[in-house]
Peer 1: 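What follows is a structure written as structure tokens; I'll ask about it next.
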Protein chains: 2
Amino acid sequence: MKVETLRWADNKLEMIDQRILPASFEYLAYDSAASVAEGIRSMVVRGAPAIGVAAAYGVALEALRLSSTLRQAKGERDSFNAGMEAGFTVLAQSRPTAVNLFWGLQRMHGMWESVKGQSHAAVAQRLLAEAHEILAEDIRINRAMGAFGAELLADGARVLTHCNAGALATAGWGTALGVFRSAVEAGKKISVIADETRPFLQGARLTAWEMVQENIPVTLITDNMAGFMMSRGEIDAVVVGTDRVASNGDVANKIGTYMVAVLARRHNIPFYVACPLSTIDMNIASGADIPIEERSADEVRGFRDYHWAAEGVSIRNPSFDVTPAELVTALITEKGVVRQPDRDKLRALFNLEKTVGHREHRDHRDHRGKNGA
Amino acid sequence: MKVETLRWADNKLEMIDQRILPASFEYLAYDSAASVAEGIRSMVVRGAPAIGVAAAYGVALEALRLSSTLRQAKGERDSFNAGMEAGFTVLAQSRPTAVNLFWGLQRMHGMWESVKGQSHAAVAQRLLAEAHEILAEDIRINRAMGAFGAELLADGARVLTHCNAGALATAGWGTALGVFRSAVEAGKKISVIADETRPFLQGARLTAWEMVQENIPVTLITDNMAGFMMSRGEIDAVVVGTDRVASNGDVANKIGTYMVAVLARRHNIPFYVACPLSTIDMNIASGADIPIEERSADEVRGFRDYHWAAEGVSIRNPSFDVTPAELVTALITEKGVVRQPDRDKLRALFNLEKTVGHREHRDHRDHRGKNGA
């Protein structure tokens, strides 16, 4: 079964409802920036690359919606423009950590600026074409990353992953799970150990489901078992995705990733981060600058509507943590593998090596722009 | 509300059903060795010290049960003796990791050997008195440990704990949570951060509940958040319980403890283990010799009857892990605090310092004896 996390149908964006997987497999339809923003916020769609694609479609949907109700007259052109900017803003406020959201919005905003003078319908069609292109690019990029990453895994490797960096976290194929798919496609036998990833259980529900679909052997553990498995020599490598990489190579990813990275270092297990360039934020100096989302206490109180925690307890729910670059064996990107990532190597990746300050060449990397969180 | 984890009523052992806390608070009654063994296996009662006490009562209950059905005639005396040995065996097979089980059984077996010739009723009464004494001792020991441990915590300390080493894990007061209770009793303001402790959720259900009952501030996190909290400087110390400490100071405790210990070391946070002497197993050389229980896959598939994991996924469920002695800042025992525990210091604790081989003085420490797992 091919997983189409996001698809265009009947002039709407359809997204798999990842909150109810794997028990139920359903698409929900979206027709405006605000509804897509709510879909991102409530985690119908999650995963940094998928969020970036969804946001791009959110912009296109807003243009289509506005163009169907507003005429080309002067006053209504102002309303259209104001409506579009409001659409960018509501999308930018959906979630704070994954930089792909701001990357996608920035790219769409650049396109929007370049076609602003045209008819509403022409603007909407051009933005929709750009969203389609971002989706198609995402899959090509994942395929390229997968090929580079597959070379890092030995035949027979037992590979731990945390959260879901799979087809469901992207437009398809996946980042970390894309590496596994590419390794299997290249004829390697690998097996996956999936952390269940409390509180949203992306590992137990989504990664396990994707791997079972593909007949890739997968073993589920609770998040607190990874150290035991490593101490017993049952894990050969770790591959995870990321929501934002700072310009010094620090990696923000799903809460718990940092603990896995620390344990991997202790056991001399390579720790790889599958990371498209769109996830690297050259505008921030280090992981300390990455905003960490805190989500609702109810997620930790239990799962869905089933609450098991004692009444009266306080709750924390940081959704991401930061793994310092020194713990990262390599970043796997669509341009190749970056071992022991640091600022110089990341600058080289963007062909910024001749500049001095890391904020000088912002033309194609100003992810957040005026719509930034 | 005083928590009586185990209590004697109507010639039966009553135990709080910890599987259904905190939503429901109910006692279940036990009247035989086999039923107590099943209560231990199914985790109606859990926590190493509580298991030791429960097993002691299991032996006494078996003697009462047999004495009520068998007379003193020769053949029936053989039946009584055989029944008692079978009772010891079924209890020893209930769970493998916590050494207190074997310690409790060994102590009861010593008493049983010493009164064997007496009437069935006299034997039963003597064994019951011994079980009562073990329970009373456990509370006295926890109080002593609490006083020593409380001195290690600064006023205002934010202390992480994993699993439940509380009143519910003992006859009362608790080991790790006993330290917190004693610190508060001594006038210190402390706050507790509780790992939820998948899959059985002892932290979310039991530790949080105990702390709320006592008005000790408690914050619940998922197991994968501890590293983040440490990296943000929000944890000042870690205190956990243990199911077995090897003679070199290696510590077996609830799965996930090892990851917490590794992260604590990275962040220079002291890692304390509250540990009655009955939990130290001088008969094994290191943590590598501690049997690690693997429990049912269904526990990881979800919680209770609510299963969320993808169908077809393999599952691992090791219930404990081993933290090497080098990561332990100190053991907190009823005889005092043992910093940087090692074999010599543990031998000194048992007054074994003059012997050479660590197996020479087994008289009062042969926990497992013939009933050992």
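Heavy atoms only: backbone and side chains are in, while hydrogens, waters and symmetry mates are out.
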Peer 1: Less than 4.5 Å apart, any side-chain heavy atom of A:V300 and any of B:I221?
Peer 2: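 Counting from C-beta outward, A:V300 and B:I221 never come under 4.5 Å.
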Peer 1: Which bit of B:M229 comes within less than 4.5 Å of chain A, counting heavy atoms only: side chain, backbone, both or neither?
Peer 2: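 Answer is side chain: those atoms of B:M229 sit under 4.5 Å from chain A.
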Peer 1: Compile a table of inter-chain donor-acceptor pairs under 3.5 Å between chain B and chain A, counting both main-chain and side-chain atoms.
Peer 2:
{"unit_1": "B:E196", "atom_1": "OE1", "unit_2": "A:R198", "atom_2": "NE", "d": "3.4"}
{"unit_1": "B:E196", "atom_1": "OE1", "unit_2": "A:R198", "atom_2": "NH2", "d": "2.9"}
{"unit_1": "B:E196", "atom_1": "OE2", "unit_2": "A:R198", "atom_2": "NE", "d": "2.7"}
{"unit_1": "B:R198", "atom_1": "O", "unit_2": "A:N224", "atom_2": "ND2", "d": "2.9"}
{"unit_1": "B:R198", "atom_1": "NE", "unit_2": "A:E196", "atom_2": "OE1", "d": "3.4"}
{"unit_1": "B:R198", "atom_1": "NE", "unit_2": "A:E196", "atom_2": "OE2", "d": "2.7"}
{"unit_1": "B:R198", "atom_1": "NH2", "unit_2": "A:E196", "atom_2": "OE1", "d": "2.9"}
{"unit_1": "B:A204", "atom_1": "O", "unit_2": "A:A310", "atom_2": "N", "d": "3.0"}
{"unit_1": "B:V218", "atom_1": "O", "unit_2": "A:S314", "atom_2": "N", "d": "3.0"}
{"unit_1": "B:L220", "atom_1": "N", "unit_2": "A:S314", "atom_2": "O", "d": "2.7"}
{"unit_1": "B:L220", "atom_1": "O", "unit_2": "A:R316", "atom_2": "N", "d": "3.2"}
{"unit_1": "B:D223", "atom_1": "OD2", "unit_2": "A:N224", "atom_2": "ND2", "d": "3.1"}
{"unit_1": "B:N224", "atom_1": "O", "unit_2": "A:G256", "atom_2": "N", "d": "3.3"}
{"unit_1": "B:N224", "atom_1": "ND2", "unit_2": "A:R198", "atom_2": "O", "d": "2.9"}
{"unit_1": "B:N224", "atom_1": "ND2", "unit_2": "A:D223", "atom_2": "OD2", "d": "3.1"}
{"unit_1": "B:E234", "atom_1": "OE1", "unit_2": "A:R316", "atom_2": "NH1", "d": "2.6"}
{"unit_1": "B:G256", "atom_1": "N", "unit_2": "A:N224", "atom_2": "O", "d": "3.3"}
{"unit_1": "B:Y258", "atom_1": "OH", "unit_2": "A:R266", "atom_2": "NE", "d": "2.9"}
{"unit_1": "B:Y258", "atom_1": "OH", "unit_2": "A:H267", "atom_2": "NE2", "d": "2.6"}
{"unit_1": "B:R266", "atom_1": "NE", "unit_2": "A:Y258", "atom_2": "OH", "d": "2.9"}
{"unit_1": "B:R266", "atom_1": "NH2", "unit_2": "A:E326", "atom_2": "OE2", "d": "2.7"}
{"unit_1": "B:H267", "atom_1": "NE2", "unit_2": "A:Y258", "atom_2": "OH", "d": "2.6"}
{"unit_1": "B:R304", "atom_1": "NH1", "unit_2": "A:Y306", "atom_2": "OH", "d": "3.1"}
{"unit_1": "B:Y306", "atom_1": "OH", "unit_2": "A:R304", "atom_2": "NH1", "d": "3.1"}
{"unit_1": "B:A310", "atom_1": "N", "unit_2": "A:A204", "atom_2": "O", "d": "3.0"}
{"unit_1": "B:S314", "atom_1": "N", "unit_2": "A:V218", "atom_2": "O", "d": "3.1"}
{"unit_1": "B:S314", "atom_1": "O", "unit_2": "A:L220", "atom_2": "N", "d": "2.7"}
{"unit_1": "B:R316", "atom_1": "N", "unit_2": "A:L220", "atom_2": "O", "d": "3.2"}
{"unit_1": "B:R316", "atom_1": "NH1", "unit_2": "A:E234", "atom_2": "OE1", "d": "2.6"}
{"unit_1": "B:E326", "atom_1": "OE2", "unit_2": "A:R266", "atom_2": "NH2", "d": "2.7"}

Peer 1: Among A:G302, A:A204, A:A194, A:G203, which has the most heavy-atom pairs under 4.5 Å with chain B?
Peer 2: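 If we count pairs closer than 4.5 Å to chain B, A:A204 comes out on top.
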Peer 1: Is there a side-chain contact between B:F228 and A:V322 (heavy atoms, below 4.5 Å)?
Peer 2: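 B:F228 does not reach A:V322 side chain to side chain.
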Peer 1: Could you pull out the closest heavy-atom pair between A:A310 and B:P22, with the gap in Å?
Peer 2: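 Looks like CA-CG, 3.6 Å.
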Peer 1: Heavy-atom cut-off 4.5 Å, strictly under: side chain, backbone, both or neither for B:F320 against chain A?
Peer 2: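 Just the backbone, heavy atoms under 4.5 Å.
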Peer 1: If I measure from the heavy atoms of chain B, does A:I315 come under 4.5 Å with its side chain, its backbone, both, or neither?
Peer 2: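 Both parts, backbone and side chain.
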Peer 1: Please give me the minimum heavy-atom distance between A:L263 and B:L263, naming the atom from each residue.
Peer 2: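 It is CD2-CD2, 3.7 Å.
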Peer 1: Among B:A208, B:P199, B:P318, B:A23, which residue forms the greatest number of heavy-atom pairs with chain A at distances under 4.5 Å?
Peer 2: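 Max contact count across the listed options: B:P318.
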Peer 1: Contact part of B:L201 toward chain A, heavy-atom cut-off under 4.5 Å: side chain, backbone, both or neither?
Peer 2: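 The side chain, not the backbone.
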Peer 1: Against chain A, work out which of B:A309, B:G312, B:A297 has the most heavy-atom pairs shorter than 4.5 Å and name it.
Peer 2: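 Of the options given, most contacts go to B:A309.
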Peer 1: Between A:A226 and chain B, which part of the residue has a heavy atom less than 4.5 Å away: side chain, backbone, both or neither?
Peer 2: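 Backbone plus side chain of A:A226, per the 4.5 Å heavy-atom cut-off to chain B.
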Peer 1: Go through the atoms of A:V212 and report whether side chain, backbone, both or neither lie under 4.5 Å from a heavy atom of chain B.
Peer 2: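 For A:V212, side-chain heavy atoms alone lie under 4.5 Å from chain B.
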Peer 1: At a heavy-atom separation under 4.5 Å, does A:I193 approach chain B through its side chain, its backbone, both, or neither?
Peer 2: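 Contact with chain B: none, neither part.
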